[in-house]
Amino acid sequence: MMNLTEIRVNLIDCTNSTEKHLSIKKFISLFEKSEINNSFEKAFHAVSLAYKAKTHLNPIKKIHYLNMFHKNINEAIVETNNSYEAVFLRHLIQKNIPRGLGFSDSYEKDSLFLKEKITDIDSLGFDDNYKNFIVGFLSKSN
């Protein structure tokens, strides 16, 4: 089983690090040869696929990885009964995908869901660093 704390720390680095490209490569590498054992790992794996799309120059590969992200993140959200974290991960990625590509269809709905449920974040068991990351990201996004 993968260490969710380590995965979350690496995810934060992908967004906040001064060396984002290195952090993204490290995040992707966490999933390269790892077995996905549960729906939360599947959600983070989907994020790694979106980051793979970001790193490729070939537009066909970009679309391929975005399709895989879209499929896996939506499955993970269903499997986790719309868990706050899985919805947040989809929102985090969809914020940076051009709307016209069709991979951001849940962005507005997720934004409303996350903002309505933000008061419950203390009960979700996240460490303070991860909670602050989520709250900070949501305060910046529209």
Would one find more than 12 heavy atoms of other residues, nucleotides or ligands at under 6.0 Å from atom CD1 of Ile60? no

Leu11 and Val9: same hydrophobic cluster, using ILVMFWY side-chain contacts below 4.5 Å? no

Which atom names give the shortest non-hydrogen contact between Asn72 and Ala46, and what distance separates them? CB-CB, 3.8 Å

Taking atom CG of Asn3 and atom CG of Leu30, what is their separation to the nearest 0.5 Å? 9.5 Å

Is any side-chain heavy atom of Met68 closer than 4.5 Å to a side-chain heavy atom of His64? yes

So how far is it from Arg8 CZ to Asn129 CG, rounded to the nearest 0.5 Å? 11.5 Å

CD1 on Ile121 to CD on Glu85, rounded to 0.5 Å: 9.5 Å

side-chain hydrogen bond (donor to acceptor under 3.5 Å, both in side chains) partners for Lys71, two or more places apart: Glu75

Heavy-atom closest pair (Ser39 atom, Ala76 atom, distance to 0.1 Å) is O-CB, 3.5 Å

Spell out, as yes or no, whether a donor-acceptor pair under 3.5 Å connects the side chain of Thr80 to the backbone of Ile77. yes

Shared hydrophobic cluster for Leu22 and Val47 (ILVMFWY, side-chain gaps under 4.5 Å): no

Tell me, with the steps shown, if Lys52 and Glu32 meet salt bridge (Lys or Arg N to Asp or Glu O under 4.0 Å). CA-CA 11 Å; Lys52 270 188 174 185; Glu32 294 273 304; 3.3 Å; yes

Tyr130 versus Leu4: any side-chain heavy-atom pair under 4.5 Å? no

Tell me whether Phe126 is reachable from Phe137 by hopping between hydrophobic residues (I, L, V, M, F, W, Y) whose side-chain heavy atoms are closer than 4.5 Å. yes

Among residues two or more places apart or on two chains, list those pairs meeting ring-ring contact (aromatic ring centres under 6.0 Å, His included) that have a residue in residues 2-27. Phe27-Phe31, Phe27-Tyr51

Parallel, tilted or perpendicular: which fits the ring planes of Tyr65 and His56, with parallel below 30° and perpendicular above 60°? parallel

From CG (Leu138) to CD1 (Ile118), nearest 0.5 Å: 5.0 Å

Rounded at 0.5 Å granularity, tell me how far NE2 in His45 sits from CD1 in Ile7. 11.0 Å

For Val78, what residues pass the side chain to side chain contact (heavy atoms under 4.5 Å, CB included) criterion, not counting sequence neighbours? none

To check you understand the geometry: which heavy-atom pair defines the closest contact between Glu116 and Thr119, and what is its length? O-OG1, 4.1 Å

Are Tyr84 and Ile134 close enough that some pair of their side-chain heavy atoms sits under 4.5 Å apart? yes

Has the side chain of Ser83 got a donor or acceptor atom that lies under 3.5 Å from a matching backbone atom of Ala86? yes

Any donor-acceptor pair under 3.5 Å linking the side chain of Lys20 with the backbone of Thr15? yes

From Asn74 atom CG to Lys42 atom NZ, the distance as rounded to the nearest 0.5 Å: 10.5 Å

Looking at Lys115, Lys95, Arg90, which hits side chain to side chain donor-acceptor pair (under 3.5 Å) with Asp110? Arg90

Residue pair Ile93, Leu89: steps toward the side-chain contact (heavy atoms from CB on, under 4.5 Å) verdict: CA-CA 6 Å; Ile93 296 301; Leu89 293 172; over 6 Å; no

Using a 6.0 Å cut-off, check whether atom NZ of Lys62 has over 12 heavy atoms from anything other than its own residue. yes

Tell me if a side-chain donor or acceptor on Ser111 pairs with a main-chain N or O of Glu108 at a distance below 3.5 Å. no

Apply the test side-chain contact (heavy atoms from CB on, under 4.5 Å) to residues Asn10 and Phe44: give CA-CA distance (whole Å), side-chain angles for both, the deciding distance (0.1 Å), then the verdict. CA-CA 11 Å; Asn10 279 280; Phe44 282 102; over 6 Å; no

